[in-house]
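Below is one structure; the comments refer to it alone.
Chain letters run A, B, ... following the sequence lines, proteins first, then strands; residues in each count from 1.
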Amino acid sequence: MVPETFFENVYEVVKLIPKGKVTSYGAIAQYLGVKSGARMVGWALKASKIPQNIPAHRVVNRSGLLTGKLHFSPPSLMQEKLEQEGIKVFDDKIVDFQSVFWDPSIELP
DNA sequence: AAAATGACGCATA
DNA sequence: CTATGCGCCATTT
């Protein structure tokens, strides 16, 4: 363990997600420069397993679907957190996803 | 060293 | 709309 750049980048971006907003694995991957490294982003979160204050519940797949909710301590925590922030979730999917979508490659310098 | 796996994404049928 | 396949990159077996 030495170059945790990828991890740190993912953590930082996820932590920078404004409250009430969400982003996708692909968006983070693209921001990091890895266009098709969406899997790596998910891998980073899984490997980290929410070690710090990583609001991983704000990271969903490109469809706004809570694919990784099953990996949370209580799988229902993800949806609850999102709802607490004002994000509506129906059937494990974010409602009005495009309106709450936050793209780091655009919002961040 | 090679194959398998994965919190994804996109193309095609 | 759903179903299937391929690619991507790093980790693990």
Side-chain angles (χ1 to χ4, degrees):
Chain A
M1 288 181 80
V2 177
E4 312 173 326
T5 47
F6 193 80
F7 284 44
E8 297 242 338
N9 281 326
V10 174
Y11 300 153
E12 218 169 311
V13 173
V14 174
K15 283 199 264 187
L16 284 169
I17 299 175
K19 182 183 176 185
K21 298 276 181 168
V22 295
T23 191
S24 63
Y25 304 96
I28 296 173
Q30 187 175 326
Y31 173 71
L32 297 179
V34 229
K35 295 194 167 195
S36 302
R39 279 189 144 117
M40 301 298 90
V41 177
W43 167 77
L45 294 173
K46 177 188 69 162
S48 60
K49 204 173 186 181
I50 314 176
Q52 357 223 331
N53 310 320
I54 313 291
H57 58 268
R58 290 184 185 152
V59 186
V60 296
N61 72 339
R62 196 191 168 295
S63 307
L65 195 65
L66 311 186
T67 52
K69 78 158 201 169
L70 298 170
H71 290 260
F72 281 74
S73 321
S76 50
L77 180 66
M78 187 172 191
Q79 181 171 332
E80 288 192 27
K81 287 257 187 181
L82 291 170
E83 291 184 333
Q84 278 180 34
E85 300 189 355
I87 299 174
K88 295 164 187 161
V89 178
F90 178 77
D91 191 30
D92 297 343
K93 185 182 65 186
I94 294 178
V95 179
D96 206 5
F97 177 59
Q98 55 180 333
S99 296
V100 295
F101 179 64
W102 181 83
D103 191 338
S105 64
I106 295 176
E107 302 295 333
L108 292 178

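In this entry the distance linking OH of A:Y25 with P of B:dG9 reads 8 Å, nearest Å. Rounded to a whole Å, the CG atom of A:L32 is 13 Å from the P atom of C:dC9. Distance CG (A:D92) to P (B:dA7): 15 Å, rounded to an integer number of Å. Regarding A:I28, its CD1 atom lies at a distance of 17 Å from the P atom of C:dC9, rounded to whole Å. Taking atom CE of A:M40 as the reference point, atom P of B:dG9 lies 12 Å away to the nearest angstrom. Computed from coordinates, the A:K46 NZ to C:dA10 C1' distance equals 10 Å when rounded to whole Å. Atom CG of A:L65 is separated from atom P of C:dC1 by 13 Å (rounded to the nearest Å). We find that CZ of A:R58 is positioned 17 Å from C1' of B:dA7, with the value rounded to whole Å.
Backbone-only contact: A:G26 has heavy atoms under 4.0 Å from sugar-phosphate atoms and none from a base.
Taking 4.0 Å as the cut-off between side-chain N and carboxylate O, A:E85 and A:R58 count as a salt-bridged pair.
Phosphate proximity of B:dC8 to A:T67: present, with a side-chain N or O under 4.0 Å from OP1 or OP2. The shortest distance between the side-chain N/O atoms of A:R62 and the OP1/OP2 oxygens of B:dC10 is below 4.0 Å.
Checked against C:dG7, C:dT11, B:dA7, the side chain of A:W43 finds its nearest nucleotide in C:dT11. The nucleotide whose nearest atom lies closest to any side-chain atom of A:R39 is, among C:dC8, B:dA7, C:dA10, C:dC8. Minimum atom distance to the side chain of A:H71 is reached by B:dA7, of the listed B:dG9, C:dA10, B:dA7.
Distance CG/A:L66 to CZ/A:F72: 8.5 Å, rounded to 0.5 Å. Note that CE of A:M40 is 13.0 Å distant from CD1 of A:I28, once rounded to the nearest 0.5 Å.
Ring-plane geometry between A:F7 and A:Y11 is classed as perpendicular, the angle between the planes exceeding 60 degrees on a 0 to 90 degree scale with a lower cut at 30.
Proximity of A:V10 to A:I54: side-chain heavy atoms (C-beta onward) are nowhere separated by under 4.5 Å.
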